[in-house]
Amino acid sequence: ILLLNRYVYGEAVKMVSSQLQLALGVSGGLFLAYCIYFDHKRRSAPDFRQKLKAKRELAKHQKRLNSATKFPDIRDEAAVQQFFIQEIQLGEEFMGAGDAEGAVEHLANAVAACGQPGQLLSLLKQTCPPEIWNAVNQRYPKVVRAMMASISIPTIGQPGPRLVPQEDDLE
């Protein structure tokens, strides 16, 4: 009886096991078919490309906002020097990695923090590719304005503190 019981039980386990495998296979196939259908439907939507482009632009913009440069206090010479060296190194690393946009951002920050930006720009003109140098040269004034704004120093063309009291200040 034990031998018969083992034989019947063994066959039952094999049968349940094969049925389970079949059910899992069918379920997996249906899931894969649903994924393919959903992906096709998503990609064939008329506004798919616009949404994808907008999503990438938003991610790029968020990345820029999150990586906004923290400028040092320009009255602290040691902090400015450390910032300058750090930005030069980061610019070189980004340029070596082929990320021109990152290199331009950090090199422009370094030029803005430099005591003699004209000399650094001429050095960069000799050592950097022309497209990177042109981009640094164009970005440099914006970075200077941002640096001055970060420490509340008014620049030309930017609104500064009010020196004449307004009517609402007198009340």
Side-chain angles (χ1 to χ4, degrees), residues 31-32 34-171:
F31 179 73
L32 183 63
Y34 175 75
C35 290
I36 291 171
Y37 164 76
F38 182 74
D39 186 55
H40 174 71
K41 186 176 179 180
R42 179 182 62 94
R43 287 178 181 249
S44 63
D47 59 345
F48 171 72
R49 298 229 185 257
Q50 291 86 11
K51 284 183 179 180
L52 185 62
K53 187 175 180 180
K55 184 178 178 182
R56 288 180 180 167
E57 289 293 324
L58 181 63
K60 192 176 190 181
H61 182 68
Q62 288 293 334
K63 182 180 175 186
R64 282 188 184 159
L65 288 178
N66 291 341
S67 68
T69 304
K70 306 287 188 259
F71 296 108
D73 184 4
I74 62 171
R75 296 169 284 223
D76 184 5
E77 195 173 316
V80 172
Q81 185 177 15
Q82 181 182 5
F83 176 76
F84 171 75
I85 292 170
Q86 174 188 348
E87 291 298 306
I88 288 287
Q89 289 173 345
L90 287 172
E92 289 175 351
E93 287 176 15
F94 279 107
M95 201 175 350
D99 183 3
E101 189 175 312
V104 167
E105 178 182 343
H106 291 288
L107 290 174
N109 290 342
V111 172
C114 182
Q116 299 171 340
Q119 290 181 350
L120 182 58
L121 282 171
S122 66
L123 178 68
L124 289 175
K125 186 175 186 177
Q126 295 170 3
T127 58
C128 292
E131 59 274 358
I132 290 182
W133 183 83
N134 289 332
V136 168
N137 203 20
Q138 290 174 355
R139 186 164 166 76
Y140 163 66
K142 295 175 188 173
V143 173
V144 169
R145 283 195 294 274
M147 182 182 276
M148 295 301 161
S150 73
I151 57 171
S152 302
I153 295 178
T155 56
I156 296 174
Q158 301 293 321
R162 294 185 300 183
L163 300 177
V164 179
Q166 301 292 320
E167 281 185 34
D168 58 342
D169 292 340
L170 297 175
E171 294 176 3

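Because the structure is a prediction, the values reported are computed rather than measured.
With sequence neighbours left out, the side chain to side chain contact (heavy atoms under 4.5 Å, CB included) criterion links Ala112 to Tyr140, Val143, Val144, Met147. For the salt bridge (Lys or Arg N to Asp or Glu O under 4.0 Å) test, residues two or more places apart in sequence or in another chain that qualify with Asp47 are Lys51. Residues that satisfy the side chain to side chain contact (heavy atoms under 4.5 Å, CB included) test with Arg43, not counting sequence neighbours, are Asp39, Phe48. When the side chain to side chain contact (heavy atoms under 4.5 Å, CB included) test is applied to Pro141, the partners found at least two apart in sequence or on another chain are Arg145. In this view, Phe71 and Phe83 satisfy the ring pair (Phe, Tyr, Trp, His ring centres under 6.0 Å) rule, not counting sequence neighbours.
Of the possible donor and acceptor atoms, none in the side chain of Trp133 sits under 3.5 Å from a partner among the backbone N and O of Ser122.
In this structure, Phe84 and Ala110 approach most closely via the heavy-atom pair CD1-O, 3.2 Å. When all heavy atoms of Gly91 and Ala103 are compared, the closest pair comes out as O-CB, 3.6 Å.
With values rounded to the nearest 0.5 angstrom, Thr127 atom OG1 is found 8.0 Å from Glu92 atom CD. In this structure, Leu107 CG and Asn137 CG are separated by 12.0 Å, a value rounded to the nearest 0.5 Å. For the atom pair CG (Leu124) and CD1 (Ile88), the distance works out to 6.0 Å, reported to the nearest 0.5 Å. A distance of 11.5 Å separates CG in Leu121 from CD in Gln126, rounded to the nearest 0.5 Å.
Residues Met95 and Pro129 form a side-chain contact, since some pair of their non-hydrogen atoms from C-beta on lies under 4.5 Å apart. No side-chain heavy atom of Gln82 sits under 4.5 Å from any side-chain heavy atom of Ile85.
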- Query: Would Cys128 and Val136 count as a side-chain contact (heavy atoms from CB on, under 4.5 Å) if you check the C-alpha gap in whole Å, the side-chain angles of each, and the deciding distance to 0.1 Å?
  - Reply: CA-CA 10 Å; Cys128 292; Val136 168; over 6 Å; no

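Within the structure, no pair that satisfies the salt bridge (charged side-chain N to carboxylate O under 4.0 Å, His left out) test touches residues 120-144, not counting sequence neighbours.
Below 30°, between 30° and 60°, or above 60°: for Phe38 and Tyr34 the angle between ring planes is below 30°, a parallel geometry.
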